[in-house]
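I have placed the structure first, in the form of structure tokens, so that the comments after it can refer back to it.
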There are 2 protein chains.
Amino acid sequence: MMDKQDIPIKTDRRRSPETKERILDAAEKLFAERGFHGASLRDITGACGVQVALSYYHFGSKEDVLQAVVDRRAIEHIGCYQKSLTDALARNDGKPIPVDSLIEAFVVPAIERFTNGDDGWRYYIQLLAHLSYESSRSSYAKPFFKYDDIVNEFISELKRSLPDVSAEDLHWSFYFLQSALTNAVLETQMIDRQSQNLCCSSDFDALIKAMKNLFSAGLLGLKPRM
Amino acid sequence: MMDKQDIPIKTDRRRSPETKERILDAAEKLFAERGFHGASLRDITGACGVQVALSYYHFGSKEDVLQAVVDRRAIEHIGCYQKSLTDALARNDGKPIPVDSLIEAFVVPAIERFTNGDDGWRYYIQLLAHLSYESSRSSYAKPFFKYDDIVNEFISELKRSLPDVSAEDLHWSFYFLQSALTNAVLETQMIDRQSQNLCCSSDFDALIKAMKNLFSAGLLGLKPRM
DNA sequence: GTCTATAATGGGATAGAC
DNA sequence: GTCTATCCCATTATAGAC
């Protein structure tokens, strides 16, 4: 299980104030790669050259480490979603946002950090995907709920953009969009296998384009409610 | 962790030939609910009133138990997909299958077993969903690959139904459909929260309808390749 | 085939010296 | 804040009696 990771081993021992951050970096990576149960605190602290006991000193329990990993980035990330939505609204003078722009506004805050951010953001986004699958079955997946509010703001905008479509259809459709996005960032290489490398899990430009193509057409083609 | 499950405790000890099946039933359930790492062999054997050692006798390692769980149903399940596709073709005299029928033909073999099958099938379908997220990162998720061939048959049919759309768009779109389906059977209750119970994770009739609505419109609205 | 017993290791968590 | 040492239990896995 142990596996020396990218995080450089600590050399200067004794009171380095960034120890907490080192643990969070390693936890972020290993939780993302192996899931909560799949990564032990020994793996995590071993990967960043820190004593196991320090994770307890700094955070408490293993679940607390996960909580801290999410807390570290969640507010900033949710802020990015907020800004993305506000910008899209501004570009349209507060009028309903075109469906394809709204899709892009929702997808980009995750994908951008995934492709352009540092590795930490990559792992964080993957971890969120993991947690979304665990929610309602595992107590440790609760941190993920922080995103509920901002997601609902996007759905409200979608309702404004497509006022004639039933709320049920819009909720389901946005749910499918989220599923597609979540699955995509896990890069399972399912699509690479299925398409014999015509499509590539790691080609996020193609992903965004394909998402806009399908979901725009789908949302715009939904029948008005009777 | 231990948790007495639905599987009745074995009473008549000594050479009961169904011990293997009992272990598989319990493993199916617990792997589906907690993931591979989240369920231990103690949990599994404890849940069905069998000695831990017997799981090693019958299967070998923990990964072998998982493999056996999948093997037990995979061939039958893949056969259901095959039949579903063949039937759809027959209904259309071998001509290209209408997109909404093709979507239904793909979704139903999983959903039907999920809603109408016994609990075992429910857990099995959920387990498949779990494995699809782990593939390419965990060696134990390999069993899932068995489904690649039949999925590709559906995609080939989709190409026949929509000959003017680029293969890229079709592969991505079908990938999104699979993501939506996979996520849905996990019943994370995300959509319940987001819609304030207007939509319900466990309402699979509504799910199928919404899938057909969105993905039919989306696929039919895809632009022809240039 | 099933059981008990046990090996061997891993893992979460804590105490206490420095 | 950091380290060593350790507790204690869970876990995978095996040996051997019945």
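Sequence lines set the chain letters: A, B, ... in the order given, protein chains first and strands last, and positions in each chain run from 1.
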Please enumerate all residues that pass salt bridge (Lys or Arg N to Asp or Glu O under 4.0 Å) together with Lys209(A), with sequence neighbours excluded.
none
Between Phe59(B) (CZ) and dT12(D) (P), how many Å, whole number?
15 Å
Residues Asp25(A) and Arg72(A) bridged, charged N to O under 4.0 Å:
yes
Nearest-Å distance, NE2 (His37(A)) to P (dT11(D))?
10 Å
Can you tell me which nucleotide in dT12(D), dG1(C), dC3(C) comes closest to the side chain of Ser40(B)?
dT12(D)
Which residues pass the side-chain hydrogen bond (donor to acceptor under 3.5 Å, both in side chains) test with Gln67(A), sequence neighbours left out?
Asp71(A)
Polar atom pairs between nucleotides 13-15 of chain D and protein, under 3.5 Å, N or O only, would you list them?
from    : atom 1 : to       : atom 2 : distance (Å)
dA13(D) : OP2    : Lys62(B) : N      : 3.0
dA13(D) : N7     : Tyr56(B) : OH     : 3.4

Listed once per pair and sorted, the side chain to side chain donor-acceptor pair (under 3.5 Å) pairs that draw on residues 101-113 of chain A, sequence neighbours left out:
Glu104(A)-Lys212(A)
Please report, rounded to the nearest Å, how far the C1' atom of dA13(C) is from the NE2 atom of His58(A).
16 Å
Inter- and intrachain pairs under salt bridge (charged side-chain N to carboxylate O under 4.0 Å, His left out), touching residues 44-57 of chain B, at least two apart:
none
d(CZ, Arg22(B); P, dT2(C)) in whole Å
10 Å
Once salt bridge (charged side-chain N to carboxylate O under 4.0 Å, His left out) is applied, what residue pairs with a partner in residues 50-66 of chain A remain, sequence neighbours excluded?
none
Separation of Leu66(B) atom CG from dT12(D) atom P, in whole Å?
13 Å
Tell me the salt bridge (charged side-chain N to carboxylate O under 4.0 Å, His left out) pairs involving residues 80-90 of chain B, sequence neighbours left out?
Lys83(B)-Asp87(B)
Testing Val69(A), Val70(A), Ile23(A) one by one against Glu28(A) for a side-chain contact (heavy atoms from CB on, under 4.5 Å), which residue passes?
Val69(A)
Gln51(A) CD to dG11(C) P: how many Å, rounded?
16 Å
Return the angle between end axes of the helix from dG1(C)-dC18(D) to dC18(C)-dG1(D), with five pairs used per end and rounding to 10°.
0°
Please enumerate all residues that pass salt bridge (Lys or Arg N to Asp or Glu O under 4.0 Å) together with Glu168(A), with sequence neighbours excluded.
none
Given atom CZ of Phe31(A) and atom C1' of dG11(C), what is their separation to the nearest angstrom?
13 Å
In whole Å, I'd like the distance from the CG atom of Leu54(B) to the P atom of dC18(D).
17 Å
